[in-house]
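As the structure is a computational prediction, the values presented were derived from the model and not from experiment.
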Amino acid sequence: MAGSRTSRSTRTTRTTRTSRPPLQRVTRRPPVPRPPRENPVRRLHTRARRAWDRPLTAYYLIFGGSLLITVLGLVMVYSASQIKALQLSLPGSYFFRKQFLAAAIGAGLLFAASRMPVRLHRALAYPILAVSVALMALVQVPGIGMAVNGNQNWISIGGPFQLQPSEFGKLALVLWGADLLARKQDKRLLTQWKHMLVPLVPVAFMLLGLIMLGGDMGTAIILTAILFGLLWLAGAPTRLFTGVLTVAVVIGVILIKTSSNRMARLACLGATDPGPNDGCWQAVHGIYALASGGLFGSGLGASVEKWGQLPEAHTDFIFAVTGEELGLAGTLSVLALFAALGYAGIRVAGRTEDPFVRYAAGGVTTWITAQAVINIGAVLGLLPIAGVPLPLFSYGGSALLPTMFAIGLLIAFAREDPAARAALAMRQPRFGKKRAGGPQGPGRWKTMRRRASAARSSGER
């Protein structure tokens, strides 16, 4: 019995040792569903929308867009003006040096305007208006005013430098009109049509009259656009807006009908042939320059039309030379920069609670956008040639200085936005000392000392 038990136990032990443990089923977890892949176009759209909604977007667009337009304008002025300078027996960089000097002075004005508080901008409104009116009146004084290309709108300030006071009249109307409408809105007077029109419209018509005495209808159109922009922002009723627009159109038609030069420009609208006596020479050769540029242009400095074929190649028709040398890519880039600048100005005007900032930002945006549209439309043959330069791009210091000051206004208004101000305050400098309120600043050290003294006073060691 004992032997059988031993053998049985031995057999059991061998069986236990040699046999493998039973396999256990591994319970598989259900597969986790992967999130669906986001459409790359939608993802790019979402990122772009977040970038547009950032507080400092308008600030960077205004500063960066205006800087790029000005720098590209300097390059194109140098390229487009060399032949004209050599024809006048001047150095090839003559016009570029004058434009560069104006850009340097304008950069100082832009910086000063961007750092001024809003109340100082409002205080400058009346002095700038008074000085502009006085200078535009001096233009008509014999011996002081001078005519350029048939327009009596210039004052010689010594040597090769000239001043066009009507360019400063745009800035004066924007600042003074914005301050006037803001004060009337604070007193709740804009609900009455007489307070909305008087004295804004009479003063604007006075400026228009001084400009039209010299025959510069292009600048008068820009001033009219600024006036309509201010009235639109002030909430002028449709019948009032239509009435002022009708009066302006009637006056414009009379001025065009009574001038053979303006009628000739209107007749060249959409022309593809210079016509008899080469009356549409400039408009047609502007189209030739754009057409010969292709997608990427003939190369910087390789324009053919600037060799005497295209008049005013470095001023009113610099966009045509840009299209010939930089092609469709260059012209679309310029259009995109102006579109970004206009969007940023509208955003600044739409997000502020200060009525003066809203009117001034809207007026500056209307000014720059309308002038760019009129200039580019004339080069493309879609509008009559008005003789206005492309803002920040064409040659001309008289146009560049007030425009850069106006850009400084937009930058200052963009910085005054509460969200933008908070975002600028949170930025930490990368080099140098850190701010007092930073993580390692004196403010944190003093807080730590107060906490330590409070702990010791409570008996803790």
Side-chain angles (χ1 to χ4, degrees), residues 69 72-88 90 92-96 99 148-151 217-218 221 256 260-339 371-396 399:
I69 293 173
L72 183 58
L74 288 173
V75 174
M76 293 311 304
V77 165
Y78 180 66
S79 175
S81 64
Q82 289 181 349
I83 307 304
K84 181 68 174 179
L86 294 176
Q87 288 176 348
L88 298 174
L90 297 171
S93 61
Y94 174 77
F95 293 104
F96 168 76
Q99 185 74 356
V148 176
N149 295 330
N151 292 336
M217 190 170 183
I221 294 174
I256 293 174
S260 58
N261 185 25
R262 299 188 187 108
M263 287 296 297
R265 291 185 178 185
L266 188 63
C268 293
L269 188 63
T272 57
D273 185 83
N277 301 323
D278 294 333
C280 300
W281 180 273
Q282 186 176 17
V284 171
H285 278 272
I287 298 296
Y288 289 169
L290 291 172
S292 60
L295 289 178
F296 300 103
S298 57
L300 192 62
S303 170
V304 176
E305 291 293 334
K306 68 183 180 182
W307 286 77
Q309 301 296 325
L310 181 63
E312 307 297 335
H314 60 297
T315 54
D316 300 345
F317 272 70
I318 194 172
F319 188 76
V321 180
T322 303
E324 185 179 4
E325 294 186 352
L326 303 183
L328 182 64
T331 55
L332 290 181
S333 300
V334 174
L335 290 175
L337 289 174
F338 276 108
Q371 187 165 332
V373 168
I374 292 173
N375 178 274
I376 296 174
V379 174
L380 295 175
L382 303 176
L383 295 174
I385 300 175
V388 296
L390 190 59
L392 301 173
F393 202 83
S394 296
Y395 170 79

Colleague: Let me confirm one number: the CD1-CD distance from Ile287 to Glu305, rounded to the nearest 0.5 Å.
Modeller: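 Output value for this atom pair is 11.0 Å.
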Colleague: At their closest point, which heavy atom of Gly323 faces which heavy atom of Thr331, and how far apart are they?
Modeller: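 Smallest interatomic distance, heavy atoms only, reads CA-CG2, 3.4 Å.
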Colleague: Quick one: ring-ring contact (aromatic ring centres under 6.0 Å, His included) partners of Tyr395, sequence neighbours excluded?
Modeller: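 Scan of Tyr395 (ring-ring contact (aromatic ring centres under 6.0 Å, His included), adjacent residues dropped) gives Phe95, His314.
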Colleague: To the nearest 0.5 Å, tell me how far Thr322 OG1 sits from Leu290 CG.
Modeller: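 Atom-to-atom, Thr322:OG1 and Leu290:CG are 9.0 Å apart.
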Colleague: Does the side chain of Val334 reach to within under 4.5 Å of the side chain of Ile69, using non-hydrogen atoms?
Modeller: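 A side-chain contact under 4.5 Å is absent here.
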Colleague: What's the shortest heavy-atom distance between Leu310 and Gln282, and which atoms?
Modeller: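 Looks like CD1-O, 3.8 Å.
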Colleague: Minimum heavy-atom separation for Met263 and Ile256, please, with both atom names.
Modeller: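 Answer, listing the atom of Met263 first, then Ile256: CG-O, 3.2 Å.
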Colleague: Compile the donor-acceptor pairs under 3.5 Å between side chains in residues 376-394 and protein atoms, sequence neighbours left out, one pair per line.
Modeller:
{"unit_1": "Ser394", "atom_1": "OG", "unit_2": "Thr315", "atom_2": "O", "d": "2.7"}
{"unit_1": "Ser394", "atom_1": "OG", "unit_2": "Leu390", "atom_2": "N", "d": "2.8"}

Colleague: Restricting to non-hydrogen atoms, name the atom on Ala289 and the atom on Ser292 that form the minimum distance, rounded to 0.1 Å.
Modeller: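 Nearest pair, atom of Ala289 first, then Ser292: O-OG, 3.1 Å.
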Colleague: Would you check, one step at a time, whether the test side-chain contact (heavy atoms from CB on, under 4.5 Å) holds for Gln371 with Ile221?
Modeller: CA-CA 9 Å; Gln371 187 165 332; Ile221 294 174; over 6 Å; no
Colleague: Who passes side chain to side chain contact (heavy atoms under 4.5 Å, CB included) against Leu86, sequence neighbours left out?
Modeller: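 Residues passing side chain to side chain contact (heavy atoms under 4.5 Å, CB included) with Leu86: none at all.
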Colleague: Checking Tyr78 now: which residues fulfil side-chain hydrogen bond (donor to acceptor under 3.5 Å, both in side chains) with it, not counting sequence neighbours?
Modeller: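 Applying side-chain hydrogen bond (donor to acceptor under 3.5 Å, both in side chains) to Tyr78 gives Gln82.
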Colleague: So, Asp316 side chain and Asn375 main chain: donor-acceptor pair closer than 3.5 Å or not?
Modeller: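 Such a contact is absent between Asp316 side chain and Asn375 backbone.
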Colleague: By ring-ring contact (aromatic ring centres under 6.0 Å, His included), which residues pair with Tyr288, not counting sequence neighbours?
Modeller: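 Result, ring-ring contact (aromatic ring centres under 6.0 Å, His included) vs Tyr288: His285.
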Colleague: Give the minimum heavy-atom separation between Ala80 and Ala313, together with the two atoms involved.
Modeller: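 Looks like CB-O, 3.7 Å.
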Colleague: Roughly how far apart are Lys84 NZ and Tyr94 OH, rounded to 0.5 Å?
Modeller: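 The OH atom of Tyr94 is 12.0 Å from NZ of Lys84, to the nearest 0.5 Å.
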Colleague: So, taking the atom named CZ in Arg265 and the one named OG in Ser260, what distance separates them when rounded to the nearest 0.5 Å?
Modeller: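 Rounded to the nearest 0.5 Å, the CZ-OG separation comes to 11.0 Å.
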Colleague: side-chain hydrogen bond (donor to acceptor under 3.5 Å, both in side chains) with Ser79: which residues, sequence neighbours excluded?
Modeller: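 Partners of Ser79 by the side-chain hydrogen bond (donor to acceptor under 3.5 Å, both in side chains) criterion, ordered by chain and then number, come out as Lys306, Glu325.
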Colleague: Evaluate the side-chain proximity of Val304 to Glu324: yes if any heavy-atom separation is below 4.5 Å, no if none is.
Modeller: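 Touching, per the 4.5 Å side-chain cut-off.
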